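Heads up, the thing below is written out as structure tokens.
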Amino acid sequence: MKTGRNDPCPCGSGKKYKHCCLTPASAASEEFRELLAGQDFNSIEEVQALADSFMQQRNQQPLDDFQGLSSEHVYRMLHFPFDTSAFFTFPETLSSEPEAPILNLIQAISAAIDEKGLKATAKGNLPLKLCKQAKVDYLQYIPAEDYLHRMNISSEEYFENLHTARILMELSGLLRKTKGRFFLTRKYQQLTGKTGLAGLYPLLFKTYCQKFNWAFRDGHEEIPFIQQSFLFSLYLLKLHGENWKPFFIYEDYFLQAFPMVIDEGESLPYRSAEDEVRSCYSFRTLNRFLHFMGLANIEPIPSDKPFSRDYQIRKLPLLESVVRFSI
């Protein structure tokens, strides 16, 4: 009897067949063997032509696990996100001035720097006065339950989001440090003078996705695939983000599409590998990416349980301006 895709895997793992021994390669081989059965061919070239046509059609079929995307769509998302204009585009200049938590911090840094520059601390960080004021202005973007409301900022490195904003400006070529002072670069001056935040944001966005390490100082496993799949997460938000949804819903969608990522999580006595991946995905993608970049709102889910820290997320209009899907 043939094992169905959603049946328990015969190997006894407890997983569905499609998430275990029915790998994409074995599934394709099985379907192709069925296609070949009973057919006669005059040459190996005919077989190869049929195989090419079969794989092309198969790769373009929408899949439930990929939320209706095909294997080709997802492959392009993962490996060529900024170079597949037939499926998704990222305008270099937005149609209107954006608002986002990251921009609040970028503007705070920029406003503190004049033609003489801004003196760095002995450790090369932003001055403490700027950090404290930036925190006050930034609190409007985060839930009252967030630790930052209660934290006493003693240096730039204690204000993680500000530290990230400064690094992001440097990686984008907008900020440089010379002889102990911070300066805005000519690139920053030209970009903001010509297009303002509407032109600045796409550069910061691309830099955050491609150059900044999402695992930087967050306490989780590296799991680089979470960052590599950023465009798939944007697609999830576009598809399901009209209404508030708990974080775990997006975790489910992500693991349904990429169950192999669980193998990259570390299993501990008090936490499974899957729980680690879920926590890492929510923190890096839903909070530090979608919320930080102004693409979504997040807020705690009301609960009678003490110490409950469950969150929910909903997309913001900026998402539609930042990425356009044609799939």
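As the structure is a prediction and not an experimental result, all values here were calculated from the model.
- Nearest heavy-atom pair across G173 and T185 is O-OG1, 2.6 Å.
- Taking 4.0 Å as the cut-off between side-chain N and carboxylate O, K177 and E170 do not count as a salt-bridged pair.
- Between F292 and Y208, the two ring planes are tilted [angle within 30° to 60°].
- Among all heavy-atom pairs drawn from L237 and R314, the shortest one is CD1-C, 4.4 Å.
- Nearest heavy-atom pair across C280 and I223 is SG-CD1, 4.2 Å.
- Taking the ring centre of F325 as origin, the terminal cationic atom of K238 falls outside the region bounded by 6.0 Å and 45° from the ring axis.
- Taking the ring centroids of H73 and F66, they lie at or beyond the 6.0 Å cut-off.
- Between Y250 and F254, the distance separating the two ring centers is not shorter than 6.0 angstrom.
- A donor-acceptor pair under 3.5 Å links the side-chain atoms of K187 to the main chain of S172, judged by distance alone.
- Looking only at distances, no side-chain donor or acceptor of E276 sits under 3.5 Å from a matching main-chain atom of L268.
- A salt bridge links E274 with R278: the distance from a Lys NZ or Arg NE/NH1/NH2 to an Asp or Glu carboxylate oxygen falls below 4.0 Å.
- Both Y147 and I142 belong to a single network of hydrophobic side chains, linked directly or stepwise wherever heavy atoms of I, L, V, M, F, W or Y lie under 4.5 Å apart.
- Ring-plane geometry between H79 and Y75 is classed as tilted, the angle between the planes lying from 30 to 60 degrees on a 0 to 90 degree scale.
- In the model, E156 has a side-chain atom that pairs as donor or acceptor with a side-chain atom of H163 under 3.5 Å.
- For F230 and F82, the gap between ring centers is short of 6.0 Å.
- Every residue two or more places apart in sequence or in another chain that forms a ring-ring contact (aromatic ring centres under 6.0 Å, His included) with F159 is listed here: Y138.
- The side-chain heavy atoms of T164 and I102, taken from C-beta on, include no pair separated by under 4.5 Å.
- Nearest heavy atom pair, residue G199 against residue L191, reads O-CD2, 3.7 Å.
- D252 and Q256 are not linked by any side-chain donor-acceptor pair at a separation below 3.5 angstrom, with hydrogens and angles left out of the test.
- Going from atom CE of M260 over to atom CG of L255 covers 10.0 Å, rounded to the nearest 0.5 Å.
- Interatomic distance, N152 CG to Y158 OH, rounded to the nearest 0.5 Å: 10.0 Å.
- F183 and T178 get closest at one heavy-atom pair: CE1-O, 3.9 Å.
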